[in-house]
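Read the structure below first, then the notes.
One-based numbering, in listed order, for ligands and for the atoms of each.
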Amino acid sequence: MTKKLRFGIVGCGVIGPYHAQAITSLPDAELVAVADLIPERAQKLAEKFQVTPYGDFQEMLAREQLDVVDICTPSGLHREHASQAMRSRRHVIVEKPMEISSAAIAEMLRVQQETGVKLAVISQHRFDPATRQVYDLVEEQAFGRLVLGNAAVPWWRSQAYYDSGEWRGTWELDGGGVLMNQSIHSIDLLQWLMGPVRSVYAYTDTLAHRMETEDVAVAVLRFANGALGTISATTGAYPGVSTRIEIYGDKGSAVIEDDRLSYLHLARDDSEEVGPYGVAPEQRVPSSPAGSSAAQDPAALSFRSHALQIADMIRAIRENGTPLLDGYAARHSVEIILGIYESTRTHKEVTLS
Ligand SMILES: NC(=O)c1ccc[n+]([C@@H]2O[C@H](COP(=O)([O-])OP(=O)(O)OC[C@H]3O[C@@H](n4cnc5c(N)ncnc54)[C@H](O)[C@@H]3O)[C@@H](O)[C@H]2O)c1
């Protein structure tokens, strides 16, 4: 029997416990140790999963035989923690965003190249069945010429959420607000499905919270394939409404609401000839309401998509292959967000390299 891969987690706040659940749900993985600067947090998670707690990440790296380290610390610490783990020859899974600046991302990629370990970045919604289905249809060119791609994230976070951690809503450690923290998931999916973004023009503001970074943003996009798009996002939309990703082409349209495919219509499935105004409303696929989600509650996540992504990393390690979302794939969503911030500052369209 193949040996189970041994995992350690650093950061036992909101998302760390989801990693613990995801890792322990996989037959090929074993959780060995957890670390947090706040020892009680490490202790609590360690007790639940019967593993060793550490108050010091370095000590966990030095003492434990680990194959993979999951980085679940504040976003602006990902470079530091991921690089330390990679330099100790551990494979790394790092939470989104990969990091909050281009320089930090470049350094992580450099360390990954030097050490030869695998680096995966969490974007768990790429593993949702609805996203996979739409991605496969895009690959088959089932939507024809893509013309428009929209991502809407009308979420709600209370002031208490932002006050719950000193790093939240700061430029230094969150790296941004609703875009860099919450909407990065949808931005990653949008650019994965529509293709790379060539340029952005944007407005952002802080309207409903006391925080440094933005809680509302709109951006218009031009994709490299010529299609147009939009991103609209806020954490000020009480009580939090479902996320929508819309993909429109001249041979089909799809809408993903939260992690469900709520609308799909492809010309290739039409049995009757379609008139100049498209398919009549009564013949369209009805869209069904989405359930409760992370739109209202940051902890209302399932660990299952994380488990699928961690399983993908295990596959990459075993086959000496590449994880679906390696550092090179993960940098795009951060670059789009940094472009949006630059456009807001300069009041100019920003072209992405
Ligand atoms: N994929 C998702 O859906 C998802 C959801 C929530 C958060 N996240 C990401 O996960 C990361 C953590 O977010 P969170 O909400 O869990 O934050 P959090 O503040 O709840 O938890 C972070 C933990 O890291 C610990 N920590 C900080 N510095 C440390 C250090 N030097 N050594 C050891 N531990 C240290 C803190 O004490 C804290 O317990 C962020 O990058 C965030 O963007 C992802």
Side-chain angles (χ1 to χ4, degrees), residues 8-22 33-46 53-62 69-85 92-101 104-105 108 120-128 131 153 155 157 160-170 172-189 213 235 243 258-259 293-310 313 325 330 333-334 337:
I9 295 173
V10 57
C12 306
V14 171
I15 203 65
Y18 288 87
H19 282 250
Q21 272 187 291
V34 296
D36 198 293
L37 211 52
I38 302 174
E40 305 80 64
R41 290 194 180 170
Q43 190 74 41
K44 193 172 160 210
L45 193 60
Y54 288 89
D56 180 350
F57 176 43
Q58 298 302 326
E59 198 185 335
M60 179 175 89
L61 287 182
V69 177
D70 284 23
I71 313 289
C72 300
T73 49
S75 308
L77 299 176
H78 290 176
R79 176 199 57 76
E80 181 186 331
H81 292 146
S83 301
Q84 287 167 346
V92 164
I93 297 176
V94 60
E95 261 299 344
K96 51 53 53 172
M98 181 173 171
E99 245 290 354
I100 59 175
S101 73
I105 286 175
M108 287 165 80
V121 182
I122 294 288
S123 184
Q124 75 267 23
H125 296 293
R126 283 203 189 193
F127 293 80
D128 293 341
T131 320
V153 187
W155 282 14
R157 291 289 181 269
Y161 162 82
Y162 285 108
D163 296 343
S164 71
E166 283 191 355
W167 68 280
R168 296 193 195 283
T170 64
E172 191 193 348
L173 288 175
D174 219 344
V178 63
L179 293 171
M180 191 64 95
N181 192 311
Q182 286 80 21
S183 313
I184 190 163
H185 292 288
S186 305
I187 294 170
D188 179 54
L189 296 189
T213 56
T235 49
T243 308
D258 291 334
D259 49 8
S293 68
Q296 294 101 16
D297 177 2
L301 284 164
S302 156
F303 67 89
R304 292 190 202 289
S305 300
H306 271 86
L308 289 173
Q309 186 160 7
I310 295 170
M313 176 62 148
L325 210 86
S333 51
V334 178
I337 293 166

*Could you walk me through whether Val69 and Phe57 pass the side-chain contact (heavy atoms from CB on, under 4.5 Å) test, one step at a time?*
CA-CA 10 Å; Val69 177; Phe57 176 43; 3.9 Å; yes
*asked:* Side chain or backbone, does Gly16 bring an N or O within less than 3.5 Å of an N or O on ligand 1?
replied: no
*Among Thr73, Leu173, Val14, Val94, closest by any non-hydrogen atom to atom 26 (N) of ligand 1*: Thr73
*Short list, please: which atoms of ligand 1 are under 4.0 Å from a heavy atom of Ile38?*
37 (O)
*Just jot down the ligand 1 atoms closer than 4.0 angstrom to any heavy atom of His81, in number order.*
30 (C), 31 (N)
*What distance do Leu37 atom CG and Leu77 atom CG have between them, rounded to the nearest 0.5 Å?*
9.0 Å
*Is it true that the side chains of His19 and Glu95 contain a donor and an acceptor less than 3.5 Å apart?*
yes
*Kindly check if the number of other-residue, nucleotide or ligand heavy atoms within 6.0 Å of CD (Glu166) is above 12?*
no
*Which segment of Asp56 sits under 4.0 Å of ligand 1 when only heavy atoms are counted*: neither
*asked:* Out of all atoms in ligand 1, which are within 4.0 Å of some heavy atom of Gly11? Include the element for each.
replied: 23 (C), 24 (O)
*Hey, are the side chains of Gln124 and Leu308 touching, using non-hydrogen atoms and a 4.5 Å cut-off?*
no
_Which of the numbered atoms in ligand 1 are under 4.0 angstrom from any heavy atom belonging to Ile122?_
1 (N)
*Using distance alone, determine whether Glu95 and ligand 1 share an N or O pair under 3.5 Å.*
yes
*Between Thr131 and His125, do the side chains contain an N or O donor and an N or O acceptor separated by less than 3.5 Å?*
no
*Is the side chain of Lys96 donor-acceptor paired with the backbone N or O of Met180 at a distance under 3.5 Å, no angle test?*
no
*Is there side-chain contact between Leu179 and Ile187, with at least one heavy-atom pair below 4.5 Å?*
yes
*asked:* Check this for me - ligand 1, Pro74, N or O atoms closer than 3.5 angstrom, yes or no?
replied: no
*Would you say Tyr18 contacts ligand 1, with heavy atoms under 4.0 Å as the rule?*
no
*Would you check if the side chain of Asp174 reaches a backbone N or O of Gly169 as a donor-acceptor pair within less than 3.5 Å?*
yes
*Counting only heavy atoms, which portion of Cys72 has something under 4.0 Å from ligand 1: side chain, backbone, both, or neither?*
backbone
*asked:* Looking only at the side chains, is there a donor atom on one of Trp155 and Ser183 sitting less than 3.5 Å from an acceptor on the other?
replied: no
*If you count the atoms of ligand 1 from 1 in the order shown, which ones are under 4.0 Å from a heavy atom of His306?*
1 (N)
*Check the pair Tyr18, Ser302 against side chain to side chain donor-acceptor pair (under 3.5 Å), reporting the backbone distance first and the verdict last.*
CA-CA 8 Å; Tyr18 288 87; Ser302 156; over 6 Å; no
*Check whether any side-chain heavy atom of Gln84 sits under 4.5 Å from a side-chain heavy atom of His81, and report yes or no.*
yes
*For ligand 1, is there an atom lying under 4.0 Å from some heavy atom of Pro97?*
yes
_I want to confirm something. Looking only at heavy atoms, which of Ser75, Ser305, Pro17 is nearest to atom 41 (O) of ligand 1?_
Ser75
*asked:* If the contact criterion is a heavy-atom separation under 4.0 Å, does Glu80 count as touching ligand 1?
replied: no
*Go through ligand 1 atom by atom and flag the ones less than 4.0 Å from a non-hydrogen atom of His185.*
1 (N), 2 (C), 3 (O)
*Using non-hydrogen atoms of the residue, decide whether Gly165 is closer than 4.0 angstrom to ligand 1.*
no
*Has ligand 1 got any nitrogen or oxygen that is less than 3.5 angstrom from a nitrogen or oxygen of Ile15?*
yes
*Hey, which atoms in ligand 1 end up nearer than 4.0 Å to a heavy atom of Gln124?*
1 (N), 2 (C), 3 (O)
*asked:* Suppose I only count heavy atoms of His78 and a 4.0 Å limit; which atoms of ligand 1 are within that range?
replied: 41 (O)
